[in-house]
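For reference, the structure discussed in these notes is given below.
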2 protein chains.
Amino acid sequence: MKMRYPCRMDRIDAAILKSLAADARAPVSAIAGEVGLSQSACTRRIQALEASGHLLGYGARLGHRRLGFRITALVDITLGTQVEEDLARFEAAVAQIDGVVECALVSGGQDYRLKILARDLDDYERLHREHLGRLPGVVTINSSFVLRAIPTRSEAEALFGGR
Amino acid sequence: MKMRYPCRMDRIDAAILKSLAADARAPVSAIAGEVGLSQSACTRRIQALEASGHLLGYGARLGHRRLGFRITALVDITLGTQVEEDLARFEAAVAQIDGVVECALVSGGQDYRLKILARDLDDYERLHREHLGRLPGVVTINSSFVLRAIPTRSEAEALFGGR
DNA sequence: TTTCCTTGGGAACGCCGATGCGCATGGAAG
DNA sequence: CTTCCATGCGCATCGGCGTTCCCAAGGAAA
């Protein structure tokens with residue numbers, strides 16, 4: 001299949017991405033209808049978006065709470081070093097911990113911000129003791145717990161303009 | 001369709017959710033093969049998981065960078081009040097801002113943590129000036145920028161045990 | 001043991017998605 | 001202006017997928 005990797009993205013592509021972001025398992029024909037395209041044209045656009053890296057894949061939205069995970073923790077971790085090897089060791093260790101679903105090195109002091117899922121406070125305490133506490137090079141750990149999640153724009157809406 | 005809403009979740013259900021989380025558009029037949037079930041049994045399980053709230057929906061993973069959004073900001077906002085009405089006003093205002101993709105009220109001081117996507121620093125500066133700065137009741141705003149995202153366990157792996 | 005309930009497998013049918021083809025549009029070259 | 005090529009759409013096709021029946025097997029309760 002001959003296929004370029006264009007940066008060009010018109011509003012139809014944006015609409016397709018929005019639609020897929022809202023319901024990735026919707027039939028292509030339904031998406032095509034929404035965006036005013038034929039099925040085949042829509043399929044080809046989706047393929048192009050996948051090939052060009054605008055569309056990375058598809059995932060399921062899981063009901064954390066329903067699955068027994070009631071704790072979301074946002075954890076700030078400060079390291080005592082800025083040496084790249086130490087950062088790499090820390091990052092490798094973090095990547096092994098079950099429950100850590102996000103981790104980012106952020107500006108403003110040499111620290112990391114994690115998002116952690118846990119069943120309950122006991123579960124989180126165990127995680128903290130067995131894993132977070134043993135991470136290499138850590139100076140401070142600061143845990144906050146999500147009390148309430150505020151509904152916001154979806155990712156797609158943020159990227160392509162509000163609803 | 002007669003359908004109970006069981007809390008029971010065996011490892012087959014977990015495997016299905018993992019698989020769907022990894023690739024939500026995979027054919028049911030492929031998932032069925034992975035988890036060792038026939039197509040029809042797998043379809044029924046998926047329907048049950050959807051009906052029971054374990055599976056909330058399906059989404060697309062978008063290439064932020066490729067789409068021109070190179071800034072991810074993690075913003076801490078402190079309010080000068082703890083009155084519920086003030087929190088509600090703040091939350092309603094936040095929900096209107098394009099670019100805010102997550103917002104949570106967290107423990108430890110009365111503050112919120114947001115995740116914000118922006119095209120570049122100029123774009124973020126505009127967002128900060130035009131929107132964040134005008135949020136009601138705000139005392140302090142503290143922005144950190146993601147310098148590097150560390151790959152972690154996926155959500156499903158965190159919930160059901162590492163790979 | 002009998003009955004009921006649950007859950008899996010098999011088959012059929014309708015629908016979905018990928019692909020090839022023809023055509024229209026628009027810009028560049030002659 | 002005309003020609004040519006590139007791009008992108010719609011239509012039609014066909015193989016494959018998903019949904020939904022029905023039946024069978026296994027376990028629990030009476």
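Treat the numbers as computed from the prediction; the structure is a model and nothing was measured. Reminder, nothing fancy here: chain letters follow the sequence lines and each chain counts from 1.
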Does the salt bridge (charged side-chain N to carboxylate O under 4.0 Å, His left out) test come out yes or no for A:Glu91 and B:Arg148, once each step is laid out? CA-CA 11 Å; A:Glu91 292 171 13; B:Arg148 186 201 305 160; 2.3 Å; yes
Test salt bridge (charged side-chain N to carboxylate O under 4.0 Å, His left out) on B:Lys115 and A:Glu102 and set out the steps. CA-CA 12 Å; B:Lys115 180 190 285 186; A:Glu102 287 182 32; 3.0 Å; yes
In sequence, state the C-alpha distance, the side-chain angles, and the governing distance for B:Arg70 and B:Asp123, and then conclude on salt bridge (charged side-chain N to carboxylate O under 4.0 Å, His left out). CA-CA 10 Å; B:Arg70 286 197 283 255; B:Asp123 190 29; over 6 Å; no
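Side-chain contact annotation: A:Gln96 with A:His131, donor-acceptor N/O pair under 3.5 Å absent.
Atom CZ in B:Arg45 sits roughly 9 Å away from atom P in C:dG9 (whole-Å rounding). Atom C1' of nucleotide D:dG18 and atom CZ of B:Arg44 are separated by 13 Å, given to the nearest angstrom. Summarising the geometry, the separation between CG on A:Asp10 and P on D:dT7 is reported as 15 Å, rounded to the nearest angstrom. One atom, CG of A:Asp13, and another, P of D:dC9, lie 9 Å apart when rounded to the nearest Å. In this structure, CD of B:Gln47 is placed 7 Å from C1' of D:dT19, rounded to the nearest angstrom. Rounding to whole angstrom units, CD1 of residue B:Ile12 and C1' of C:dT6 are separated by 14 Å. Between the CG atom of A:Leu49 and the C1' atom of C:dA18 there is a distance of 16 Å, given to the nearest Å. Protein atom CE of A:Met9 is 13 Å distant from nucleotide atom P of D:dG8, rounded to whole Å.
One finds the CZ atom of B:Arg113 at 4.5 Å from the CZ atom of A:Arg113 (value rounded to the nearest 0.5 Å). Rounding to the nearest 0.5 angstrom, the gap separating the CG atom in B:Asp76 from the OH atom in B:Tyr112 is 13.5 Å.
Taken residue by residue, residues 24-43 of chain B places heavy atoms nearer than 4.0 Å to DNA chain D at B:Pro27, B:Val28, B:Ser29, B:Gln39, B:Ser40, B:Thr43.
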